[in-house]
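Proteins get letters first, then strands, A, B, ... in listed order; numbering begins at 1 in each.
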2 protein chains.
Amino acid sequence: MSADPEWRTVRRVRTHEQVLIQIQERILNGQLRIGDRLPSERELVQVLGVSRNSVREALRVLEAMGIIDAHTGSGRDAGSTVAGRSTDALSNLLRLHMALAQFRLGDLVDVRIELERLAVRQASAEADPAELTQLRSLTEAMTRPGLDHERFHELDSEFHIRLARASHNALAADLMQALRDAVKNEMLAAFARVHDWDAAVASLTAEHLAILTAVEAGQGDEAETLVARHIRAFYDSVGGESPSSD
Amino acid sequence: MSADPEWRTVRRVRTHEQVLIQIQERILNGQLRIGDRLPSERELVQVLGVSRNSVREALRVLEAMGIIDAHTGSGRDAGSTVAGRSTDALSNLLRLHMALAQFRLGDLVDVRIELERLAVRQASAEADPAELTQLRSLTEAMTRPGLDHERFHELDSEFHIRLARASHNALAADLMQALRDAVKNEMLAAFARVHDWDAAVASLTAEHLAILTAVEAGQGDEAETLVARHIRAFYDSVGGESPSSD
DNA sequence: TGCAATTTGTACGTATGTATT
DNA sequence: TAATACATACGTACAAATTGC
(Lines give C-alpha, C1' and ligand atoms only; values in the text may rest on other atoms or scores of the structure.)
Protein backbone atom coordinates (compact mmCIF):
# COMPACT_ATOMS: atom_id res chain seq x y z
CA MET A 1 0.00 0.00 0.00
CA SER A 2 1.01 3.65 0.11
CA ALA A 3 1.53 3.83 3.87
CA ASP A 4 5.31 4.13 3.64
CA PRO A 5 6.41 6.04 6.73
CA GLU A 6 9.34 7.51 4.81
CA TRP A 7 7.06 9.62 2.68
CA ARG A 8 4.48 12.08 3.80
CA THR A 9 1.82 12.94 1.29
CA VAL A 10 2.12 16.58 0.46
CA ARG A 11 -0.75 18.53 1.91
CA ARG A 12 -1.12 21.51 -0.26
CA VAL A 13 -1.89 24.46 1.96
CA ARG A 14 -3.66 27.18 0.11
CA THR A 15 -2.34 30.64 0.72
CA HIS A 16 -5.45 31.97 2.42
CA GLU A 17 -5.17 29.03 4.83
CA GLN A 18 -1.63 30.01 5.67
CA VAL A 19 -2.80 33.52 6.43
CA LEU A 20 -5.55 32.06 8.59
CA ILE A 21 -3.06 29.89 10.43
CA GLN A 22 -0.74 32.77 11.19
CA ILE A 23 -3.53 34.91 12.60
CA GLN A 24 -4.93 32.03 14.61
CA GLU A 25 -1.48 31.30 16.03
CA ARG A 26 -1.24 34.84 17.29
CA ILE A 27 -4.59 34.49 18.97
CA LEU A 28 -3.67 31.17 20.53
CA ASN A 29 -0.33 32.62 21.67
CA GLY A 30 -2.04 35.53 23.29
CA GLN A 31 -0.29 38.01 21.04
CA LEU A 32 -3.68 39.09 19.79
CA ARG A 33 -6.33 39.79 22.41
CA ILE A 34 -9.85 41.08 22.48
CA GLY A 35 -10.00 44.67 21.30
CA ASP A 36 -6.68 44.58 19.47
CA ARG A 37 -6.56 45.88 15.94
CA LEU A 38 -5.13 43.80 13.15
CA PRO A 39 -3.00 45.43 10.50
CA SER A 40 -5.03 46.75 7.59
CA GLU A 41 -5.62 44.47 4.64
CA ARG A 42 -3.01 46.22 2.58
CA GLU A 43 -0.44 46.05 5.34
CA LEU A 44 -1.04 42.34 5.70
CA VAL A 45 -0.56 42.01 1.96
CA GLN A 46 2.87 43.55 2.28
CA VAL A 47 3.93 41.74 5.44
CA LEU A 48 2.77 38.32 4.31
CA GLY A 49 3.68 38.67 0.68
CA VAL A 50 0.31 37.46 -0.60
CA SER A 51 -2.47 38.99 -2.59
CA ARG A 52 -5.29 40.95 -1.11
CA ASN A 53 -7.74 38.26 -2.11
CA SER A 54 -6.03 35.71 0.10
CA VAL A 55 -5.94 38.10 3.02
CA ARG A 56 -9.59 38.90 2.64
CA GLU A 57 -10.65 35.28 2.41
CA ALA A 58 -8.88 34.61 5.70
CA LEU A 59 -10.45 37.64 7.34
CA ARG A 60 -13.89 36.65 6.11
CA VAL A 61 -13.53 33.23 7.68
CA LEU A 62 -12.49 34.74 11.00
CA GLU A 63 -15.37 37.16 10.78
CA ALA A 64 -17.85 34.34 10.22
CA MET A 65 -16.41 32.59 13.26
CA GLY A 66 -17.12 35.66 15.35
CA ILE A 67 -13.43 36.17 16.02
CA ILE A 68 -13.02 39.56 14.40
CA ASP A 69 -15.13 42.52 13.41
CA ALA A 70 -14.47 44.59 10.31
CA HIS A 71 -15.43 48.20 9.73
CA THR A 72 -14.83 50.49 6.81
CA GLY A 73 -13.61 54.00 7.02
CA SER A 74 -10.82 55.56 9.01
CA GLY A 75 -10.05 56.03 12.68
CA ARG A 76 -11.11 54.18 15.84
CA ASP A 77 -13.27 51.27 14.67
CA ALA A 78 -11.80 51.03 11.21
CA GLY A 79 -10.13 47.92 10.04
CA SER A 80 -10.34 44.52 11.67
CA THR A 81 -10.46 44.23 15.44
CA VAL A 82 -10.46 41.11 17.56
CA ALA A 83 -14.00 40.69 18.79
CA GLY A 84 -15.03 37.52 20.55
CA ARG A 85 -18.78 37.01 20.48
CA SER A 86 -19.10 33.35 19.82
CA THR A 87 -22.74 32.65 20.17
CA ASP A 88 -24.01 33.57 16.74
CA ALA A 89 -21.27 31.65 15.01
CA LEU A 90 -21.81 28.62 17.20
CA SER A 91 -25.57 28.69 16.62
CA ASN A 92 -25.14 29.03 12.91
CA LEU A 93 -22.72 26.15 12.75
CA LEU A 94 -24.91 23.86 14.81
CA ARG A 95 -28.02 24.83 12.88
CA LEU A 96 -26.45 24.02 9.53
CA HIS A 97 -25.18 20.70 10.74
CA MET A 98 -28.59 19.95 12.18
CA ALA A 99 -30.10 20.62 8.78
CA LEU A 100 -27.62 18.24 7.20
CA ALA A 101 -29.03 15.62 9.56
CA GLN A 102 -25.67 15.36 11.16
CA PHE A 103 -27.36 15.32 14.52
CA ARG A 104 -30.64 13.73 15.50
CA LEU A 105 -33.13 15.90 17.34
CA GLY A 106 -33.26 13.34 20.12
CA ASP A 107 -29.50 13.56 20.59
CA LEU A 108 -29.77 17.28 20.89
CA VAL A 109 -32.53 17.04 23.45
CA ASP A 110 -30.44 14.66 25.54
CA VAL A 111 -27.49 17.02 25.47
CA ARG A 112 -29.71 19.93 26.30
CA ILE A 113 -31.12 18.18 29.33
CA GLU A 114 -27.65 17.64 30.75
CA LEU A 115 -26.79 21.28 30.18
CA GLU A 116 -30.01 22.38 31.82
CA ARG A 117 -29.27 20.23 34.85
CA LEU A 118 -25.83 21.75 35.17
CA ALA A 119 -27.29 25.22 34.74
CA VAL A 120 -29.99 24.98 37.39
CA ARG A 121 -27.70 23.22 39.85
CA GLN A 122 -25.06 25.92 39.61
CA ALA A 123 -27.63 28.68 39.45
CA SER A 124 -29.11 27.39 42.70
CA ALA A 125 -25.72 27.88 44.29
CA GLU A 126 -24.65 31.19 42.88
CA ALA A 127 -27.31 33.20 41.13
CA ASP A 128 -27.45 36.91 42.01
CA PRO A 129 -30.66 38.41 43.38
CA ALA A 130 -30.84 40.65 40.32
CA GLU A 131 -30.74 37.65 38.01
CA LEU A 132 -33.46 35.92 39.99
CA THR A 133 -35.64 39.00 39.81
CA GLN A 134 -35.31 39.10 36.04
CA LEU A 135 -36.19 35.44 35.79
CA ARG A 136 -39.26 35.94 37.91
CA SER A 137 -40.52 38.78 35.77
CA LEU A 138 -39.98 36.57 32.74
CA THR A 139 -42.20 33.86 34.15
CA GLU A 140 -44.82 36.50 34.82
CA ALA A 141 -44.64 37.70 31.23
CA MET A 142 -45.42 34.16 30.12
CA THR A 143 -48.70 34.12 32.00
CA ARG A 144 -50.09 36.94 29.87
CA PRO A 145 -52.99 35.43 27.93
CA GLY A 146 -53.05 35.19 24.15
CA LEU A 147 -49.38 34.62 23.43
CA ASP A 148 -48.78 33.21 19.99
CA HIS A 149 -46.31 30.43 19.29
CA GLU A 150 -43.52 32.72 18.14
CA ARG A 151 -43.74 35.02 21.14
CA PHE A 152 -44.05 32.18 23.60
CA HIS A 153 -41.00 30.48 22.14
CA GLU A 154 -39.08 33.70 22.55
CA LEU A 155 -39.94 34.00 26.21
CA ASP A 156 -39.37 30.31 26.78
CA SER A 157 -35.91 30.50 25.22
CA GLU A 158 -35.04 33.59 27.14
CA PHE A 159 -36.02 31.95 30.40
CA HIS A 160 -33.79 28.96 29.82
CA ILE A 161 -30.89 30.99 28.50
CA ARG A 162 -31.02 33.47 31.36
CA LEU A 163 -31.16 30.58 33.77
CA ALA A 164 -27.98 29.25 32.19
CA ARG A 165 -26.35 32.68 32.41
CA ALA A 166 -27.29 32.78 36.08
CA SER A 167 -25.15 29.66 36.56
CA HIS A 168 -22.18 31.85 35.61
CA ASN A 169 -20.90 29.15 33.28
CA ALA A 170 -20.41 31.06 30.04
CA LEU A 171 -19.78 27.98 27.94
CA ALA A 172 -22.92 26.24 29.12
CA ALA A 173 -24.92 29.38 28.49
CA ASP A 174 -23.55 29.86 24.99
CA LEU A 175 -24.12 26.21 24.11
CA MET A 176 -27.65 26.47 25.46
CA GLN A 177 -28.34 29.48 23.29
CA ALA A 178 -26.83 27.81 20.25
CA LEU A 179 -28.92 24.70 20.76
CA ARG A 180 -32.09 26.74 21.18
CA ASP A 181 -31.40 28.73 18.04
CA ALA A 182 -30.56 25.59 16.13
CA VAL A 183 -33.91 23.93 16.86
CA LYS A 184 -36.15 26.96 16.79
CA ASN A 185 -38.00 25.80 13.70
CA GLU A 186 -38.49 22.32 15.11
CA MET A 187 -39.84 23.83 18.30
CA LEU A 188 -42.34 26.00 16.43
CA ALA A 189 -43.45 22.96 14.46
CA ALA A 190 -43.87 21.07 17.72
CA PHE A 191 -45.99 23.92 19.10
CA ALA A 192 -48.20 23.65 16.04
CA ARG A 193 -48.87 19.99 16.87
CA VAL A 194 -50.11 20.83 20.36
CA HIS A 195 -53.84 20.11 20.73
CA ASP A 196 -54.75 22.41 23.61
CA TRP A 197 -52.39 25.34 23.32
CA ASP A 198 -53.68 27.29 26.31
CA ALA A 199 -53.37 24.27 28.57
CA ALA A 200 -49.85 23.60 27.32
CA VAL A 201 -48.81 27.17 28.01
CA ALA A 202 -50.29 26.98 31.47
CA SER A 203 -48.47 23.80 32.42
CA LEU A 204 -45.16 24.85 30.88
CA THR A 205 -45.32 28.14 32.71
CA ALA A 206 -46.20 26.42 35.96
CA GLU A 207 -43.17 24.18 35.51
CA HIS A 208 -40.97 27.20 34.93
CA LEU A 209 -42.24 28.71 38.11
CA ALA A 210 -41.57 25.55 40.08
CA ILE A 211 -38.02 25.34 38.70
CA LEU A 212 -37.35 28.95 39.53
CA THR A 213 -38.73 28.56 43.02
CA ALA A 214 -36.38 25.65 43.65
CA VAL A 215 -33.45 27.64 42.32
CA GLU A 216 -34.32 30.62 44.51
CA ALA A 217 -34.45 28.32 47.51
CA GLY A 218 -31.05 26.93 46.65
CA GLN A 219 -32.47 23.45 46.15
CA GLY A 220 -30.24 22.32 43.30
CA ASP A 221 -31.25 18.66 43.31
CA GLU A 222 -34.93 19.50 43.20
CA ALA A 223 -34.38 22.01 40.40
CA GLU A 224 -32.44 19.41 38.42
CA THR A 225 -35.22 16.87 38.69
CA LEU A 226 -37.86 19.41 37.73
CA VAL A 227 -36.04 20.79 34.72
CA ALA A 228 -35.22 17.34 33.35
CA ARG A 229 -38.85 16.29 33.69
CA HIS A 230 -39.99 19.60 32.15
CA ILE A 231 -38.04 19.07 28.97
CA ARG A 232 -38.53 15.34 28.65
CA ALA A 233 -42.27 15.63 29.17
CA PHE A 234 -42.73 18.22 26.46
CA TYR A 235 -40.49 16.41 24.03
CA ASP A 236 -42.23 13.10 24.61
CA SER A 237 -45.67 14.63 24.19
CA VAL A 238 -45.06 16.27 20.82
CA GLY A 239 -41.51 15.50 19.77
CA GLY A 240 -41.87 12.21 17.97
CA GLU A 241 -39.61 9.20 18.24
CA SER A 242 -38.43 8.51 21.76
CA PRO A 243 -34.64 8.51 21.78
CA SER A 244 -33.81 5.77 24.21
CA SER A 245 -36.93 3.86 25.15
CA ASP A 246 -37.25 1.66 22.08
CA MET B 1 -31.75 58.43 22.48
CA SER B 2 -31.46 56.64 19.20
CA ALA B 3 -33.98 53.95 20.10
CA ASP B 4 -36.79 55.41 18.00
CA PRO B 5 -38.92 52.45 16.94
CA GLU B 6 -39.92 54.27 13.77
CA TRP B 7 -36.45 54.01 12.33
CA ARG B 8 -34.43 50.92 11.79
CA THR B 9 -30.74 51.40 11.29
CA VAL B 10 -29.80 50.17 7.88
CA ARG B 11 -27.80 47.01 8.12
CA ARG B 12 -25.67 46.93 5.06
CA VAL B 13 -25.43 43.36 3.85
CA ARG B 14 -22.23 42.76 1.97
CA THR B 15 -22.56 40.82 -1.21
CA HIS B 16 -20.59 37.82 -0.07
CA GLU B 17 -22.96 37.61 2.89
CA GLN B 18 -25.92 37.53 0.56
CA VAL B 19 -24.33 34.68 -1.32
CA LEU B 20 -23.72 32.93 1.98
CA ILE B 21 -27.32 33.44 3.02
CA GLN B 22 -28.69 32.02 -0.20
CA ILE B 23 -26.58 28.90 0.06
CA GLN B 24 -27.38 28.46 3.74
CA GLU B 25 -31.07 28.82 2.99
CA ARG B 26 -30.88 25.98 0.54
CA ILE B 27 -29.18 23.83 3.10
CA LEU B 28 -31.72 24.70 5.78
CA ASN B 29 -34.55 24.04 3.30
CA GLY B 30 -33.16 20.66 2.46
CA GLN B 31 -32.62 21.63 -1.18
CA LEU B 32 -28.93 20.96 -0.68
CA ARG B 33 -28.00 17.73 1.04
CA ILE B 34 -24.82 15.88 1.87
CA GLY B 35 -23.03 14.80 -1.26
CA ASP B 36 -24.74 17.30 -3.53
CA ARG B 37 -22.61 19.39 -5.82
CA LEU B 38 -22.91 23.13 -5.88
CA PRO B 39 -22.73 24.97 -9.18
CA SER B 40 -19.19 25.90 -10.09
CA GLU B 41 -17.85 29.25 -9.03
CA ARG B 42 -18.29 30.68 -12.48
CA GLU B 43 -21.85 29.42 -12.73
CA LEU B 44 -22.70 30.99 -9.40
CA VAL B 45 -21.24 34.23 -10.66
CA GLN B 46 -23.66 34.19 -13.55
CA VAL B 47 -26.71 33.06 -11.59
CA LEU B 48 -26.21 35.45 -8.70
CA GLY B 49 -24.91 38.37 -10.67
CA VAL B 50 -21.93 38.99 -8.41
CA SER B 51 -18.21 38.87 -8.81
CA ARG B 52 -16.20 35.74 -8.52
CA ASN B 53 -14.45 37.02 -5.39
CA SER B 54 -17.73 37.38 -3.53
CA VAL B 55 -18.70 33.86 -4.45
CA ARG B 56 -15.36 32.56 -3.31
CA GLU B 57 -15.46 34.40 0.00
CA ALA B 58 -18.79 32.77 0.74
CA LEU B 59 -17.50 29.35 -0.27
CA ARG B 60 -14.41 29.80 1.89
CA VAL B 61 -16.55 30.52 4.91
CA LEU B 62 -18.66 27.45 4.32
CA GLU B 63 -15.51 25.43 3.85
CA ALA B 64 -14.08 26.64 7.15
CA MET B 65 -17.34 25.65 8.82
CA GLY B 66 -16.95 22.13 7.48
CA ILE B 67 -20.10 22.47 5.38
CA ILE B 68 -18.55 22.03 1.97
CA ASP B 69 -15.43 20.57 0.39
CA ALA B 70 -13.72 22.10 -2.61
CA HIS B 71 -11.60 20.25 -5.12
CA THR B 72 -9.97 21.33 -8.32
CA GLY B 73 -10.17 19.49 -11.58
CA SER B 74 -13.06 17.90 -13.39
CA GLY B 75 -15.43 15.03 -12.76
CA ARG B 76 -16.64 13.38 -9.56
CA ASP B 77 -15.07 15.33 -6.70
CA ALA B 78 -14.49 18.52 -8.62
CA GLY B 79 -16.03 21.77 -7.55
CA SER B 80 -17.77 22.31 -4.25
CA THR B 81 -19.71 19.48 -2.66
CA VAL B 82 -21.77 19.52 0.50
CA ALA B 83 -19.73 17.66 3.08
CA GLY B 84 -20.80 17.77 6.70
CA ARG B 85 -17.91 16.90 8.98
CA SER B 86 -18.42 19.31 11.81
CA THR B 87 -15.88 18.26 14.35
CA ASP B 88 -12.79 20.09 13.17
CA ALA B 89 -14.68 23.31 12.67
CA LEU B 90 -16.31 23.04 16.08
CA SER B 91 -12.99 22.34 17.78
CA ASN B 92 -11.31 25.19 16.06
CA LEU B 93 -14.04 27.62 16.99
CA LEU B 94 -14.07 26.55 20.63
CA ARG B 95 -10.29 26.61 20.85
CA LEU B 96 -10.06 30.15 19.55
CA HIS B 97 -12.72 31.37 21.90
CA MET B 98 -10.97 29.60 24.74
CA ALA B 99 -7.80 31.47 23.86
CA LEU B 100 -9.68 34.73 23.92
CA ALA B 101 -10.55 33.86 27.53
CA GLN B 102 -14.15 33.77 26.59
CA PHE B 103 -14.57 30.59 28.60
CA ARG B 104 -12.94 29.63 31.88
CA LEU B 105 -11.27 26.25 32.05
CA GLY B 106 -13.39 25.34 35.05
CA ASP B 107 -16.57 26.03 33.09
CA LEU B 108 -15.35 23.76 30.38
CA VAL B 109 -14.57 20.99 32.83
CA ASP B 110 -18.04 21.24 34.32
CA VAL B 111 -19.64 20.97 30.90
CA ARG B 112 -17.39 18.09 30.01
CA ILE B 113 -18.38 16.17 33.11
CA GLU B 114 -22.04 16.41 32.19
CA LEU B 115 -21.33 15.21 28.69
CA GLU B 116 -19.26 12.32 30.02
CA ARG B 117 -22.08 11.29 32.31
CA LEU B 118 -24.53 11.30 29.43
CA ALA B 119 -22.06 9.36 27.32
CA VAL B 120 -21.36 6.54 29.75
CA ARG B 121 -25.00 6.23 30.75
CA GLN B 122 -26.16 5.82 27.17
CA ALA B 123 -23.16 3.70 26.28
CA SER B 124 -24.07 1.35 29.11
CA ALA B 125 -27.43 0.89 27.48
CA GLU B 126 -26.54 0.62 23.84
CA ALA B 127 -22.89 0.10 23.07
CA ASP B 128 -22.08 -2.59 20.50
CA PRO B 129 -19.79 -5.48 21.41
CA ALA B 130 -17.36 -4.29 18.73
CA GLU B 131 -17.16 -0.84 20.31
CA LEU B 132 -16.57 -2.35 23.74
CA THR B 133 -13.77 -4.52 22.36
CA GLN B 134 -12.06 -1.47 20.89
CA LEU B 135 -12.36 0.38 24.17
CA ARG B 136 -10.85 -2.53 26.06
CA SER B 137 -7.85 -2.71 23.75
CA LEU B 138 -7.41 1.03 24.25
CA THR B 139 -7.22 0.64 28.00
CA GLU B 140 -4.65 -2.11 27.48
CA ALA B 141 -2.55 0.15 25.29
CA MET B 142 -2.46 2.66 28.13
CA THR B 143 -0.84 0.16 30.48
CA ARG B 144 2.23 -0.07 28.26
CA PRO B 145 5.11 1.36 30.32
CA GLY B 146 7.02 4.44 29.32
CA LEU B 147 4.30 6.47 27.64
CA ASP B 148 5.18 10.13 27.33
CA HIS B 149 2.72 12.90 28.01
CA GLU B 150 1.80 13.49 24.40
CA ARG B 151 1.12 9.85 23.65
CA PHE B 152 -0.80 9.29 26.87
CA HIS B 153 -2.98 12.29 26.16
CA GLU B 154 -3.72 10.87 22.74
CA LEU B 155 -4.85 7.54 24.14
CA ASP B 156 -6.75 9.22 26.95
CA SER B 157 -8.62 11.44 24.51
CA GLU B 158 -9.37 8.55 22.24
CA PHE B 159 -10.78 6.53 25.10
CA HIS B 160 -13.20 9.25 26.12
CA ILE B 161 -14.18 10.14 22.58
CA ARG B 162 -14.79 6.52 21.62
CA LEU B 163 -16.83 6.10 24.75
CA ALA B 164 -18.93 9.03 23.64
CA ARG B 165 -19.29 7.56 20.15
CA ALA B 166 -20.41 4.32 21.76
CA SER B 167 -23.31 6.24 23.27
CA HIS B 168 -24.54 6.77 19.70
CA ASN B 169 -25.18 10.42 20.42
CA ALA B 170 -23.31 12.13 17.61
CA LEU B 171 -23.68 15.62 19.02
CA ALA B 172 -22.33 14.62 22.43
CA ALA B 173 -19.42 12.84 20.79
CA ASP B 174 -18.56 15.78 18.56
CA LEU B 175 -18.78 18.22 21.45
CA MET B 176 -16.57 15.93 23.52
CA GLN B 177 -13.98 15.84 20.79
CA ALA B 178 -14.13 19.58 20.34
CA LEU B 179 -13.68 20.18 24.05
CA ARG B 180 -10.75 17.78 24.23
CA ASP B 181 -9.04 19.43 21.26
CA ALA B 182 -9.68 22.85 22.68
CA VAL B 183 -7.92 22.13 25.96
CA LYS B 184 -5.15 19.89 24.71
CA ASN B 185 -2.42 22.37 25.59
CA GLU B 186 -3.85 22.95 29.05
CA MET B 187 -3.95 19.19 29.60
CA LEU B 188 -0.33 18.74 28.59
CA ALA B 189 0.65 21.56 30.92
CA ALA B 190 -1.29 19.86 33.69
CA PHE B 191 0.55 16.61 32.98
CA ALA B 192 3.83 18.46 33.35
CA ARG B 193 2.79 19.53 36.84
CA VAL B 194 2.23 15.93 37.98
CA HIS B 195 4.79 14.86 40.58
CA ASP B 196 4.72 11.09 40.16
CA TRP B 197 3.90 10.51 36.51
CA ASP B 198 3.95 6.72 36.60
CA ALA B 199 1.62 6.62 39.56
CA ALA B 200 -0.73 9.07 37.87
CA VAL B 201 -0.83 6.99 34.72
CA ALA B 202 -1.51 3.87 36.76
CA SER B 203 -4.43 5.35 38.64
CA LEU B 204 -5.93 7.07 35.61
CA THR B 205 -5.74 3.83 33.68
CA ALA B 206 -7.25 1.88 36.55
CA GLU B 207 -10.12 4.36 36.61
CA HIS B 208 -10.66 3.92 32.88
CA LEU B 209 -10.82 0.20 33.37
CA ALA B 210 -13.36 0.51 36.16
CA ILE B 211 -15.52 2.81 34.05
CA LEU B 212 -15.38 0.47 31.10
CA THR B 213 -16.22 -2.52 33.26
CA ALA B 214 -19.29 -0.76 34.56
CA VAL B 215 -20.33 0.16 31.02
CA GLU B 216 -19.86 -3.39 29.82
CA ALA B 217 -22.02 -4.61 32.68
CA GLY B 218 -24.72 -2.14 31.74
CA GLN B 219 -24.41 -0.37 35.08
CA GLY B 220 -25.05 3.16 33.91
CA ASP B 221 -25.40 4.77 37.31
CA GLU B 222 -22.14 3.28 38.53
CA ALA B 223 -20.35 4.36 35.36
CA GLU B 224 -21.68 7.90 35.77
CA THR B 225 -20.38 8.15 39.29
CA LEU B 226 -17.00 6.76 38.35
CA VAL B 227 -16.45 8.99 35.34
CA ALA B 228 -17.47 12.13 37.20
CA ARG B 229 -15.07 11.29 40.02
CA HIS B 230 -12.34 10.41 37.51
CA ILE B 231 -12.41 13.82 35.88
CA ARG B 232 -13.02 15.89 38.98
CA ALA B 233 -10.21 14.18 40.86
CA PHE B 234 -7.65 14.80 38.17
CA TYR B 235 -8.72 18.38 37.65
CA ASP B 236 -8.66 19.13 41.37
CA SER B 237 -5.22 17.58 41.80
CA VAL B 238 -3.46 19.57 39.09
CA GLY B 239 -5.98 21.88 37.50
CA GLY B 240 -5.75 24.92 39.74
CA GLU B 241 -8.65 26.96 41.05
CA SER B 242 -11.62 24.88 42.10
CA PRO B 243 -14.63 26.06 40.12
CA SER B 244 -17.43 25.82 42.64
CA SER B 245 -16.05 25.01 46.08
CA ASP B 246 -14.82 28.42 47.08
C1' DT C 1 -15.94 70.84 0.55
C1' DG C 2 -12.23 68.21 0.00
C1' DC C 3 -8.74 64.79 1.33
C1' DA C 4 -6.94 60.59 3.29
C1' DA C 5 -7.42 55.91 5.06
C1' DT C 6 -9.92 51.94 4.88
C1' DT C 7 -12.82 48.28 3.51
C1' DT C 8 -15.84 46.63 -0.36
C1' DG C 9 -16.82 45.13 -5.02
C1' DT C 10 -15.62 44.02 -9.78
C1' DA C 11 -12.99 42.55 -13.88
C1' DC C 12 -9.52 40.07 -16.01
C1' DG C 13 -5.37 37.28 -16.66
C1' DT C 14 -2.61 33.31 -15.65
C1' DA C 15 -1.27 29.11 -13.28
C1' DT C 16 -2.43 24.62 -11.56
C1' DG C 17 -4.86 20.37 -10.87
C1' DT C 18 -7.85 16.52 -12.69
C1' DA C 19 -10.44 13.73 -15.67
C1' DT C 20 -11.83 12.52 -20.38
C1' DT C 21 -10.91 11.75 -25.03
C1' DT D 1 1.10 10.28 -24.94
C1' DA D 2 -0.98 14.39 -26.11
C1' DA D 3 -4.79 17.37 -26.42
C1' DT D 4 -8.78 19.24 -24.46
C1' DA D 5 -12.17 20.73 -21.21
C1' DC D 6 -13.35 22.22 -16.76
C1' DA D 7 -12.57 23.78 -12.28
C1' DT D 8 -10.19 25.92 -8.59
C1' DA D 9 -6.11 28.98 -7.00
C1' DC D 10 -3.77 33.28 -7.06
C1' DG D 11 -2.59 37.61 -8.41
C1' DT D 12 -3.06 42.59 -10.23
C1' DA D 13 -5.60 46.65 -11.18
C1' DC D 14 -9.33 49.77 -10.78
C1' DA D 15 -13.73 51.76 -9.16
C1' DA D 16 -17.02 52.58 -5.25
C1' DA D 17 -18.58 53.29 -0.54
C1' DT D 18 -17.69 54.68 4.21
C1' DT D 19 -15.72 57.20 7.85
C1' DG D 20 -12.93 60.81 10.16
C1' DC D 21 -10.66 65.13 9.85
Side-chain angles (χ1 to χ4, degrees), chain A residues 2 7-23 32 35-85, chain B residues 2 7-23 26 32 35-83 85:
Chain A
S2 56
W7 298 89
R8 293 195 319 273
T9 59
V10 176
R11 160 98 173 88
R12 194 154 132 44
V13 182
R14 290 115 99 205
T15 59
H16 86 271
E17 287 180 304
Q18 301 187 48
V19 177
L20 201 48
I21 288 170
Q22 285 208 37
I23 298 177
L32 278 175
D36 287 355
R37 276 190 52 177
L38 273 72
S40 75
E41 288 183 358
R42 288 183 168 81
E43 280 177 292
L44 285 172
V45 166
Q46 298 235 330
V47 176
L48 300 172
V50 298
S51 76
R52 228 184 85 223
N53 276 348
S54 298
V55 170
R56 290 186 47 186
E57 285 166 10
L59 293 179
R60 288 283 144 78
V61 169
L62 290 170
E63 214 185 334
M65 292 198 298
I67 304 292
I68 64 172
D69 273 340
H71 288 108
T72 63
S74 63
R76 217 169 49 82
D77 260 357
S80 302
T81 55
V82 179
R85 324 162 266 93
Chain B
S2 57
W7 297 89
R8 292 194 321 272
T9 60
V10 176
R11 159 101 173 87
R12 184 134 169 293
V13 182
R14 290 115 96 205
T15 61
H16 86 270
E17 287 181 305
Q18 300 186 48
V19 177
L20 201 49
I21 289 170
Q22 285 208 37
I23 298 177
R26 291 191 173 233
L32 277 175
D36 287 355
R37 277 189 51 176
L38 273 72
S40 76
E41 290 181 359
R42 289 181 165 88
E43 280 177 291
L44 285 172
V45 166
Q46 297 236 331
V47 177
L48 300 171
V50 298
S51 77
R52 186 122 173 271
N53 271 355
S54 298
V55 169
R56 293 190 47 178
E57 285 167 9
L59 293 179
R60 286 282 143 82
V61 169
L62 290 170
E63 214 184 331
M65 291 198 298
I67 303 293
I68 65 172
D69 274 340
H71 287 107
T72 62
S74 65
R76 217 171 49 83
D77 261 357
S80 302
T81 55
V82 179
R85 324 160 267 95

Return the CG to CD1 distance between A/Leu20 and A/Ile67, rounded to the nearest 0.5 Å. 10.0 Å
Does anything in residues 55-62 of chain A reach DNA chain C, meaning a heavy atom under 4.0 Å, and if so which residues? A/Arg56, A/Arg60
With sequence neighbours left out, what residues match [X] under side-chain hydrogen bond (donor to acceptor under 3.5 Å, both in side chains)?
X	value
A/Ser40	A/Glu43
B/Arg26	B/Gln31
A/Arg60	B/His16, B/Glu57
A/Thr15	A/Ser54

Give a yes/no answer on whether the side chain of A/Ser51 brings an N or O atom under 4.0 Å of OP1 or OP2 in D/dA9. no
OP1 or OP2 of C/dT10 under 4.0 Å from side-chain N/O of B/Ser54: yes
Ignoring hydrogens and angles, answer whether the base of C/dG9 and the side-chain atoms of B/Asn53 contain a donor-acceptor pair closer than 3.5 Å. no
May I have all residue pairs that pass salt bridge (Lys or Arg N to Asp or Glu O under 4.0 Å) and include part of residues 64-75 of chain A, sequence neighbours excluded? A/Asp69-A/Arg85
Expressed in angstrom and rounded to an integer, what is the separation of [X] atom [atom1] from [N] atom [atom2]?
X	N	atom1	atom2	answer
A/Gln18	D/dG11	CD	C1'	15 Å
B/Arg14	C/dT10	CZ	P	13 Å
A/Leu20	D/dC10	CG	P	13 Å
A/Glu17	D/dC10	CD	P	8 Å
A/His71	C/dT8	NE2	P	9 Å

Between B/Leu44 and B/Val19, is the side chain to side chain contact (heavy atoms under 4.5 Å, CB included) condition met? List the steps. CA-CA 9 Å; B/Leu44 285 172; B/Val19 177; 5.7 Å; no
Quick one: list whatever passes salt bridge (Lys or Arg N to Asp or Glu O under 4.0 Å) with A/Asp36, sequence neighbours left out. none
Partner residues of B/Arg52 under the salt bridge (Lys or Arg N to Asp or Glu O under 4.0 Å) criterion, sequence neighbours left out: B/Glu41
Nearest to the side chain of A/Arg52, heavy atoms from C-beta on, is which of D/dA9, C/dG9, D/dG11? C/dG9
Would you mind telling me which residue lines up with the more 5' stretch of DNA chain D, A/Val45 or B/Ala78, judged by nearest nucleotide? B/Ala78
How would you summarise protein contacts on nucleotides 15-21 of chain C per nucleotide, using B for base, S for sugar-phosphate only and - for none, with heavy-atom distances below 4.0 Å? --BBB--
So what does A/Glu41 hit on the nucleic acid, given a heavy-atom distance under 4.0 Å: a base, only sugar-phosphate, or nothing? base
